[in-house]
Enquirer: 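Just passing along the structure, written as structure tokens.
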Amino acid sequence: MEELIRQAIEARKMAYAPYSGFFVGAALECEDGSIYRGCNIENAAYTPSNCAERTAFFKAVSEGKREFCRIAIVGGHEGEMAAPSPCGVCLQVMQEFCDPETFEIVMAKSETEYTTKKLKEMLPYGFEL
């Protein structure tokens with residue numbers, strides 16, 4: 001878990017957040033052990049912005065990955081660390097690719113201070129076809 005959180009902290013360094021000033025990093029662990037990192041990328045028009053979690057998922061999916069076990073998320077304003085919760089859009093993207101009963105969401109302030117929830121706990125009524 002510590003390594004996954006460290007990867008999220010590294011990803012946060014790449015965030016582009018000139019509007020909110022809230023920098024987020026995510027590290028997505030695939031079932032095969034590979035890790036894909038993502039950061040939030042803001043845009044002046046707001047809606048084209050992308051969250052760190054979705055950036056990590058889209059990078060992994062674009063490389064052919066489809067099986068995931070957990071994601072670590074870190075964030076905060078400059079000079080601080082918070083344990084951010086994924087937004088509803090990100091949770092629904094997770095629902096698309098993950099088993100809600102087993103997929104873990106790790107919200108971290110540091111390698112040793114974090115909370116873990118199952119996707120089902122975070123999105124109890126996710127949309128499925």
Side-chain angles (χ1 to χ4, degrees):
M1 193 67 72
E2 289 178 14
E3 178 58 27
L4 191 65
I5 294 168
R6 269 194 291 279
Q7 291 286 329
I9 291 168
E10 285 301 309
R12 180 178 180 251
K13 293 175 183 176
M14 306 311 258
Y16 178 74
Y19 306 104
S20 72
F22 196 83
F23 300 87
V24 182
L28 175 63
E29 185 178 349
C30 302
E31 289 290 343
D32 68 5
S34 58
I35 296 173
Y36 287 82
R37 300 189 316 191
C39 62
N40 60 322
I41 304 166
E42 295 180 349
N43 186 283
Y46 294 113
T47 58
S49 297
N50 203 49
C51 298
E53 301 91 313
R54 281 182 282 142
T55 300
F57 265 92
F58 295 162
K59 285 171 66 176
V61 170
S62 73
E63 296 293 324
K65 301 296 182 176
R66 297 290 190 278
E67 296 180 6
F68 308 103
C69 55
R70 71 185 53 83
I71 190 168
I73 308 157
V74 300
H77 291 98
E78 190 72 37
E80 71 176 31
M81 288 293 281
S85 156
C87 73
V89 174
C90 288
L91 290 169
Q92 185 59 50
V93 168
M94 292 175 199
Q95 175 87 22
E96 184 72 22
F97 294 101
C98 304
D99 179 349
E101 301 290 338
T102 61
F103 186 75
E104 295 179 328
I105 300 167
V106 181
M107 298 159 284
K109 284 186 176 183
S110 71
E111 292 97 332
T112 58
E113 191 176 354
Y114 59 88
T115 301
T116 302
K117 299 280 186 188
K118 299 288 189 204
L119 176 55
K120 186 73 170 176
E121 295 174 272
M122 301 288 293
L123 189 68
Y125 302 106
F127 182 75
E128 294 181 276
L129 291 179

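All figures in this text were calculated on a predicted structure; none of them were measured in a lab.
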Enquirer: Which atoms form the tightest heavy-atom contact between Tyr36 and Ala56, and what is the distance?
Expert: O-CB, 3.6 Å

Enquirer: Rounded at 0.5 Å granularity, tell me how far CZ in Phe57 sits from SG in Cys98.
Expert: 3.5 Å

Enquirer: Would Lys118 and Glu104 pass as an ion pair if we require N to O under 4.0 Å?
Expert: yes

Enquirer: Same cluster for Met81 and Tyr114 if Ile/Leu/Val/Met/Phe/Trp/Tyr side chains link at under 4.5 Å?
Expert: yes

Enquirer: Would you name the heavy atoms of Phe68 and Glu31 that are closest together and state the gap between them?
Expert: O-OE2, 3.4 Å

Enquirer: Say you draw a straight line from CD1 of Ile5 to CD1 of Ile73; how long is it, rounded to the nearest 0.5 Å?
Expert: 10.5 Å

Enquirer: If you group Ile, Leu, Val, Met, Phe, Trp and Tyr by side-chain heavy-atom gaps below 4.5 Å, do Ile9 and Leu4 land in one group?
Expert: no

Enquirer: Can you name the closest pair of heavy atoms from Met107 and Pro86 and give their distance?
Expert: SD-CD, 4.2 Å

Enquirer: Show the nearest heavy-atom pair for residues Asp32 and Ser34, with the distance to one decimal.
Expert: OD1-OG, 2.6 Å

Enquirer: Sequence neighbours left out, what pairs pass side chain to side chain donor-acceptor pair (under 3.5 Å) with at least one residue falling in residues 77-91?
Expert: His77-Glu80

Enquirer: Using every non-hydrogen atom in the two residues, find where Ala11 and Gly38 come nearest and quote the distance to one decimal.
Expert: CB-O, 3.3 Å

Enquirer: So how far is it from Met122 CE to Met94 CE, rounded to the nearest 0.5 Å?
Expert: 8.0 Å

Enquirer: Is any side-chain heavy atom of Glu53 closer than 4.5 Å to one of Ile71?
Expert: yes

Enquirer: With a 4.5 Å cut-off on side-chain heavy-atom distances among I, L, V, M, F, W and Y, is there a chain of contacts connecting Val93 to Leu91?
Expert: yes

Enquirer: Is Asn40 reaching over with its side chain to a backbone N or O of Ala17, donor-acceptor style, under 3.5 angstrom?
Expert: no

Enquirer: Please answer whether the main-chain N or O of Ala26 pairs with a side-chain N or O of Arg37 as donor and acceptor at a distance below 3.5 Å.
Expert: no

Enquirer: Hey, is the main chain of Ala52 close enough, under 3.5 Å, to the side chain of Arg12 for a donor-acceptor pair?
Expert: no

Enquirer: Assess whether atom NZ of Lys109 is packed by more than 12 heavy atoms of other residues, nucleotides or ligands within 6.0 Å.
Expert: no

Enquirer: Got a sec: does the CE of Met1 have more than 12 other heavy atoms crowding it under 6.0 Å?
Expert: yes

Enquirer: Minimum heavy-atom separation for Phe127 and Gln95, please, with both atom names.
Expert: O-CG, 3.7 Å

Enquirer: Do Phe58 and Val24 share a hydrophobic cluster (ILVMFWY, side-chain heavy atoms under 4.5 Å, transitive)?
Expert: yes

Enquirer: Can you see whether Gln7 engages Glu3 through a side-chain donor-acceptor pair at a distance of less than 3.5 angstrom?
Expert: yes

Enquirer: Would you check if Tyr19 and Ser49 make a side-chain contact, meaning some heavy-atom pair closer than 4.5 Å?
Expert: no

Enquirer: State plainly whether one hydrophobic cluster holds both Ile35 and Leu28, where clusters connect Ile, Leu, Val, Met, Phe, Trp and Tyr through side-chain heavy atoms under 4.5 angstrom apart.
Expert: no

Enquirer: Taking the six-membered ring where the residue is Trp, are the ring centres of Phe103 and Phe97 under 6.0 Å apart?
Expert: no

Enquirer: Has Glu42 got a side-chain atom pairing as donor or acceptor with Ser20's backbone, closer than 3.5 angstrom?
Expert: yes

Enquirer: If you measure from CD1 on Ile105 to CD on Glu121, what distance do you get to the nearest 0.5 Å?
Expert: 9.0 Å

Enquirer: As an exercise, state the distance from CZ of Arg70 to CG of Leu119, rounded to the nearest 0.5 Å.
Expert: 14.0 Å

Enquirer: Could you tell me the separation between the CD atom of Glu29 and the NZ atom of Lys65, rounded to the nearest 0.5 Å?
Expert: 11.5 Å

